[in-house]
Asks: 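This is the structure I have questions about; it appears just below.
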Amino acid sequence: MAAVRCAVLLALLLLNVIETAYSEPFIGINYGQVADNLPEPSATAKLIQTTAIEKVRLFGADPAIIKAFANTGVGIVIATSNADVPALASDPNFAKTWINTNVVPFYPASNIILINVGNEVTLSGDQNLVAKLLPAMQNIQNALNSVSLGGKIKVSTVHAMTLLAQSEPPSSGVFDAKYVDVLKGLLAFNNATGSPFAINPYPYFASMGDTRPETKPFCLFQPNKGRFDSNTKINYMNMFDAQVDAVRSALNALGFKNVEIVVAETGWPSKGDSNEPEANVENAKAYNGGLISHLRSKVGTPLMPGKSVDTYLFAMYDENLKPGPLSEKSFGLFKPDLTMTYDVGLAKTGDKSPESPPNNTNNSPMWCVPKDGIPDAKLQENLDFACGQGIDCKEIGPGGACFEPNTVASHAAYAMNLFYQKSQKNPSSCDFSQTATLSSKNPSYGSCTYPQSS
């Protein structure tokens, strides 16, 4: 009997490992509908189930979409409109009707996990509307409580990064004084109910107003020298972490260290007008691919280490009816014909995606090596970056044990691995803009010994 019990426990453990390997609950996607060429919601729901995307965020509560995700297990975020906020704030019965119309008929078959009351309300500039956010959220919460869903579905709202009066360096992040009183009330609600503080960080927009030469690679998760925060002695290597940690600092400054941050939107456009040169497929793929790789590493941010921030990519599809420049319409990761706009490794297959680090369950030695087919120009960038971070590259200099063969590929491989080993062996340090991977095969040769981890 003991042997049978052990076999059953082992089988359950293996099943859990398999499920976990393909489960990435920190990756969600925004599903906007400002377009006239989108596929049926049922087709989108089926598509999402073939990917690593675990959650979908709606900007309303379209019943056809909510129904389409029934019995899929995909988490659904729905929202009230900004126009509904005054009525929700002043009339508890309006809030009950909203819940009875948009939640009760669909839950739990449709896995509604969060209701956002409005979206970026502070951007409206309407202080009266901003002041109504908290009572509106409270009434929605009370309406959920009245149908015994208060502990199952969270309530929050989504904030623009313009709430911050200061964000650089990240440790100095503080909220704009004119919103502090309102935010204290909202954050007290988040804290009491366990709901997240949702933000929309966009390194794309940050890059447009920052003329420093290193800004682009810093925004795109590409090799760069980083930006040093002298207060915390942290060298930030990407804009996403810097923006999220600026919000973390601002929350901490108000005394809300336990309120969780969720990234409600972030993305990069694949097309733009003639005056939007950074909006292109190459940059979009670099940003979204780098972000997904970063999330999969589960390294977190410097101020929130060890756990990936729940992040909703923007967006599912391009939205051809949105107003504004071409870039505003061009954030889609998928096309209306359900094919990928570009591949960032979201497909759920039997093989782990190229961006995912291999499992190392037995703690065997691992080395960071370049992927096959990477051009010398890119490897030279990686070599320059790695050796510029203070690691000792003397072994690939003249007379060094690894100088021969004197090629860019050989020298880059050594330097990339050394950088990874010296970076606390964090999987995200073996990414190099998706040009590197972890390997259990020792690349050492002759007298040249590659440092290793275990």
Asks: Measuring from Leu58:CG to Met316:CE, what's the distance to the nearest 0.5 Å?
Replies: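 It comes to 11.5 Å.
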Asks: Side chain to side chain donor-acceptor pair (under 3.5 Å) with Asp210: which residues, sequence neighbours excluded?
Replies: Arg212, Thr215, Arg227
Asks: My understanding is that only one of Thr162, Leu163, Asn119, Leu123 makes a side chain to side chain contact (heavy atoms under 4.5 Å, CB included) with Asn200; could you say which?
Replies: Asn119
Asks: Looking at residues at least two apart in the chain, or sitting in another chain, which of them share a salt bridge (Lys or Arg N to Asp or Glu O under 4.0 Å) with Asp392?
Replies: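 Asp392 satisfies salt bridge (Lys or Arg N to Asp or Glu O under 4.0 Å) with Lys394 only.
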Asks: Hey, is the main chain of Lys225 close enough, under 3.5 Å, to the side chain of Asn235 for a donor-acceptor pair?
Replies: yes
Asks: Kindly assign one of parallel, tilted or perpendicular to the pair Phe403 and His411, based on the angle between their ring planes and the thresholds 30° and 60°.
Replies: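 Tilted, since the angle between the ring planes falls between 30° and 60°.
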Asks: Where the side chain of Ser195 meets the backbone of Val155, is there a donor-acceptor pair that is under 3.5 Å apart?
Replies: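 Here the side-chain-to-backbone pair exists.
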Asks: Which residues pass the ring-ring contact (aromatic ring centres under 6.0 Å, His included) test with Phe175, sequence neighbours left out?
Replies: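 For Phe175, the residues satisfying ring-ring contact (aromatic ring centres under 6.0 Å, His included) (neighbours in sequence not counted) are Phe197.
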Asks: Distance from Met208 atom CE to Glu278 atom CD, nearest 0.5 Å?
Replies: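 Here the interatomic distance stands at 9.0 Å.
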Asks: Quick one: list whatever passes ring-ring contact (aromatic ring centres under 6.0 Å, His included) with Tyr414, sequence neighbours left out.
Replies: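 Tyr450.
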Asks: So, Glu54 side chain and Ile27 main chain: donor-acceptor pair closer than 3.5 Å or not?
Replies: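 Not at all, since once roles are kept as given, no pair shorter than 3.5 Å links the two residues.
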Asks: Is there a donor-acceptor pair closer than 3.5 Å between any side-chain N or O of Ser330 and the backbone N or O of Ser270?
Replies: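 Pair absent, no side-chain N/O of Ser330 close to backbone of Ser270.
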Asks: Can you sort out the partners of Asn82 under side chain to side chain donor-acceptor pair (under 3.5 Å), two or more places apart, ordered by chain and number?
Replies: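 Scan of Asn82 (side chain to side chain donor-acceptor pair (under 3.5 Å), adjacent residues dropped) gives none.
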Asks: Do the non-hydrogen side-chain atoms of Gln138 and Pro135 ever get within less than 4.5 Å of each other?
Replies: yes
Asks: Can you sort out the partners of Tyr445 under ring-ring contact (aromatic ring centres under 6.0 Å, His included), two or more places apart, ordered by chain and number?
Replies: none
Asks: Listed by chain and number, what are the side chain to side chain donor-acceptor pair (under 3.5 Å) partners of Asp376, not counting sequence neighbours?
Replies: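 For Asp376, no residue satisfies side chain to side chain donor-acceptor pair (under 3.5 Å) once neighbours in sequence are set aside.
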Asks: Please check this pair: side chain of Lys322 against backbone of Lys329, looking for a donor-acceptor N/O pair closer than 3.5 Å.
Replies: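 No, Lys322 side chain to Lys329 backbone: no donor-acceptor pair under 3.5 Å.
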Asks: Verify, without hydrogens or angle tests, whether Thr266 (side chain) and Pro201 (backbone) share a donor-acceptor contact under 3.5 angstrom.
Replies: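 Yes; at least one donor-acceptor contact below 3.5 Å.
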Asks: Looking only at non-hydrogen atoms, find the nearest pair between Pro196 and Val262 and report the distance.
Replies: CB-CG2, 3.4 Å
Asks: What I want to check is whether the side chains of Gln49 and Thr72 have a donor and an acceptor closer together than 3.5 Å.
Replies: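 Thr72 and Gln49 do not have a side-chain donor-acceptor pair below 3.5 Å.
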Asks: Report the residues that fulfil salt bridge (Lys or Arg N to Asp or Glu O under 4.0 Å) with Asp318, sequence neighbours left out, ordered by chain and then residue number.
Replies: Lys271
Asks: Looking at residues at least two apart in the chain, or sitting in another chain, which of them share a salt bridge (Lys or Arg N to Asp or Glu O under 4.0 Å) with Asp229?
Replies: none
Asks: Would you confirm whether Thr339, through its side chain, and Lys335, through its main-chain N or O, come within 3.5 Å as a donor-acceptor pair?
Replies: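 Side chain of Thr339 to backbone of Lys335, a donor-acceptor pair under 3.5 Å: no, none is there.
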Asks: State which residues pass side chain to side chain donor-acceptor pair (under 3.5 Å) with Asn382; sequence neighbours excluded, sorted by chain then number.
Replies: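 By the side chain to side chain donor-acceptor pair (under 3.5 Å) rule, Asn382 matches Thr435.
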Asks: Which residues pass the salt bridge (Lys or Arg N to Asp or Glu O under 4.0 Å) test with Lys307, not counting sequence neighbours?
Replies: Glu260
Asks: Could you verify whether a donor N or O on one side chain and an acceptor N or O on the other, from Gln141 and Asn145, lie under 3.5 Å apart?
Replies: yes
Asks: In Å, rounded to the nearest 0.5 Å, how long is the span from CD1 of Ile153 to CD1 of Ile76?
Replies: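 Going from CD1 on Ile153 over to CD1 on Ile76, the span is 9.5 Å.
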Asks: Hydrogens and angles aside, do Glu265 and Tyr202 bring a side-chain donor and acceptor to less than 3.5 Å of each other?
Replies: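 Side chains of Glu265 and Tyr202: pair found under 3.5 Å.
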Asks: Kindly say whether Gly173 contributes a backbone atom to a donor-acceptor pair with the side chain of Ser249 at under 3.5 angstrom?
Replies: no
Asks: Do you know which two heavy atoms are closest between Asn190 and Ser156, and how far apart they sit?
Replies: ND2-OG, 3.5 Å
Asks: State the OG1-CG distance between Thr51 and Leu346, to the nearest 0.5 angstrom.
Replies: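 Result: 6.0 Å between the selected atoms.
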Asks: How long is the span from the OH atom in Tyr420 to the CD1 atom in Ile391, to the nearest 0.5 Å?
Replies: 14.0 Å
Asks: Please list, chain by chain and in numerical order, all residues satisfying ring-ring contact (aromatic ring centres under 6.0 Å, His included) with Tyr287, sequence neighbours excluded.
Replies: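 Residues passing ring-ring contact (aromatic ring centres under 6.0 Å, His included) with Tyr287: Phe221, Trp268.
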Asks: Is there a donor-acceptor contact under 3.5 Å linking the side chains of Asn224 and Glu214?
Replies: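 Asn224 vs Glu214: no donor-acceptor pair found between side chains.
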Asks: Distance from His159 atom NE2 to Leu164 atom CG, nearest 0.5 Å?
Replies: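 Answer for the NE2-CG pair, His159 versus Leu164, is 11.0 Å.
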Asks: Ring-plane angle category for Phe331 and Phe205, please: parallel below 30°, perpendicular beyond 60°, tilted otherwise.
Replies: tilted
Asks: Does atom NZ of Lys184 have more than 12 heavy-atom neighbours from other groups under 6.0 Å away?
Replies: no
Asks: Are any side-chain N or O atoms of Ser110 and backbone N or O atoms of Phe69, one a donor and one an acceptor, separated by less than 3.5 Å?
Replies: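 Answer holds: no.
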Asks: Is a donor on one side and an acceptor on the other found under 3.5 Å between the side chain of Lys371 and the backbone of Thr437?
Replies: no
